[in-house]
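Start at 1 with the first residue, then count along the sequence.
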Amino acid sequence: MENGHNGQLPKHTLPKYQILGYPQSDVQFQIDLKAKTLFLIDLDQGGRSLTNDMNNALCRLIHYQRVEGQPVKLNEFTIFYSDSTGTVDGVRVSFGLMGSLSHSFYSVSIYDLTRNGGSRNSGSGLK
């Protein structure tokens with residue numbers, strides 16, 4: 001994937017917004033705007049799991065990208081996420097008539113094979 005980063009996309013940490021008033025997921029992400037690909041990583045730091053906080057995390061990402069001057073239409077992206085056990089699945093995003101975001105998960109059967117001999121419970125594999 002040609003992206004101007006020597007084959008490696010930069011990792012960003014998704015900001016939290018205190019106005020929400022409840023624990024939020026700790027999320028790192030990599031985004032390729034040209035290829036329209038997004039990879040979300042649950043950092044498992046004691047907040048809500050990314051799986052249980054996906055709608056909020058996606059809304060936070062949309063806001064973050066707008067602030068950075070790079071608005072995204074997530075329904076046009078291929079989205080993957082790694083949960084706290086290192087299991088990778090896909091996320092489909094759609095928007096309702098009033099702009100409300102909804103999502104669904106799908107299995108891509110990819111596991112982090114870089115740590116602990118490929119155990120599904122080995123963590124995210126981030127270094």
Side-chain angles (χ1 to χ4, degrees):
M1 179 181 333
E2 179 58 41
N3 54 36
H5 298 286
N6 298 324
Q8 295 292 319
L9 292 172
K11 294 176 182 149
H12 307 277
T13 300
L14 198 56
K16 293 183 180 183
Y17 299 103
Q18 300 304 320
I19 194 168
L20 296 175
Y22 61 86
Q24 299 168 51
S25 54
D26 296 290
V27 181
Q28 194 172 63
F29 70 95
Q30 294 174 287
I31 189 166
D32 187 327
L33 297 172
K34 288 183 183 178
K36 294 192 175 187
T37 304
L38 172 65
F39 192 76
L40 300 163
I41 303 115
D42 187 337
L43 297 177
D44 194 21
Q45 295 178 343
R48 293 182 74 188
S49 71
L50 176 57
T51 305
N52 291 326
D53 196 36
M54 185 60 73
N55 249 39
N56 178 37
L58 292 170
C59 288
R60 287 166 44 208
L61 178 82
I62 290 169
H63 178 75
Y64 175 84
Q65 288 298 117
R66 281 186 191 145
V67 169
E68 293 295 309
Q70 298 177 323
V72 293
K73 295 180 181 177
L74 290 183
N75 56 323
E76 298 176 358
F77 275 67
T78 301
I79 304 172
F80 299 102
Y81 83 101
S82 174
D83 67 15
S84 59
T85 67
T87 301
V88 176
D89 286 312
V91 181
R92 288 185 187 92
V93 172
S94 60
F95 294 92
L97 294 175
M98 302 299 281
S100 62
L101 182 144
S102 63
H103 71 277
S104 60
F105 298 109
Y106 63 94
S107 176
V108 292
S109 301
I110 297 173
Y111 302 108
D112 179 3
L113 300 177
T114 61
R115 301 174 93 191
N116 298 330
S119 167
R120 288 181 65 177
N121 296 320
S122 62
S124 67
L126 294 175
K127 296 180 180 178

J.: Taking the six-membered ring of F105, is NZ or CZ of R92 closer than 6.0 Å to its centre and within 45° of its axis?
T.: no
J.: Under 3.5 Å, is there a donor-acceptor pair between the T87 and T85 side chains?
T.: yes
J.: Honestly curious: do Y106 and V88 fall in one hydrophobic cluster under the side-chain, below-4.5 Å linking rule?
T.: yes
J.: Take F29 and Y81 through the ring pair (Phe, Tyr, Trp, His ring centres under 6.0 Å) test and state the conclusion after the steps.
T.: CA-CA 9 Å; F29 70 95; Y81 83 101; over 10 Å; no
J.: For residues V27 and A57, report the shortest heavy-atom separation together with the two atoms involved.
T.: CG2-CB, 4.4 Å
J.: What distance separates D26 CG from L14 CG, expressed to the nearest 0.5 Å?
T.: 9.5 Å
J.: To the nearest 0.5 Å, what is the distance between CZ (R66) and CD1 (I62)?
T.: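 Nearest 0.5 Å value for the CZ-CD1 distance: 6.5 Å.
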J.: I would like to know whether S49 and D83 meet side chain to side chain contact (heavy atoms under 4.5 Å, CB included); could you show each step before the answer?
T.: CA-CA 8 Å; S49 71; D83 67 15; over 6 Å; no
J.: Parallel, tilted or perpendicular: which fits the ring planes of Y64 and H12, with parallel below 30° and perpendicular above 60°?
T.: tilted
J.: Distance from I41 atom CD1 to K11 atom NZ, nearest 0.5 Å?
T.: 6.5 Å
J.: Could you go through R60 and Q24, starting from their C-alpha distance and side-chain angles, then the distance that decides it, and tell me whether this counts as side chain to side chain contact (heavy atoms under 4.5 Å, CB included)?
T.: CA-CA 10 Å; R60 287 166 44 208; Q24 299 168 51; 3.3 Å; yes
J.: To the closest 0.5 Å, what do you measure between OG (S82) and CZ (F39)?
T.: 5.0 Å
J.: Within a strict 4.5 Å, meaning less than it, do heavy atoms of the Q65 and L33 side chains meet?
T.: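 Contact flag for Q65/L33 side chains = yes.
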J.: Supply the atom-to-atom distance S25 OG to M54 CE, rounded to the nearest 0.5 angstrom.
T.: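 The CE atom of M54 is 8.0 Å from OG of S25, to the nearest 0.5 Å.
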J.: Could you pull out the closest heavy-atom pair between V108 and G90, with the gap in Å?
T.: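 Of all heavy-atom pairs spanning V108 and G90, the closest is CG1-N, 4.1 Å.
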J.: State the CD-CG distance between Q30 and L38, to the nearest 0.5 angstrom.
T.: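 Answer for the CD-CG pair, Q30 versus L38, is 9.5 Å.
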J.: side-chain contact (heavy atoms from CB on, under 4.5 Å) with L40: which of L58, V91, I31?
T.: L58
J.: Under a 3.5 Å cutoff, is there a donor and acceptor pairing between the side chains of T37 and T78?
T.: no
J.: Please evaluate residues D42 and S84 with respect to the criterion side chain to side chain contact (heavy atoms under 4.5 Å, CB included), reporting the C-alpha separation (whole Å), side-chain torsions for both, the decisive distance (0.1 Å), and the verdict.
T.: CA-CA 5 Å; D42 187 337; S84 59; 4.2 Å; yes
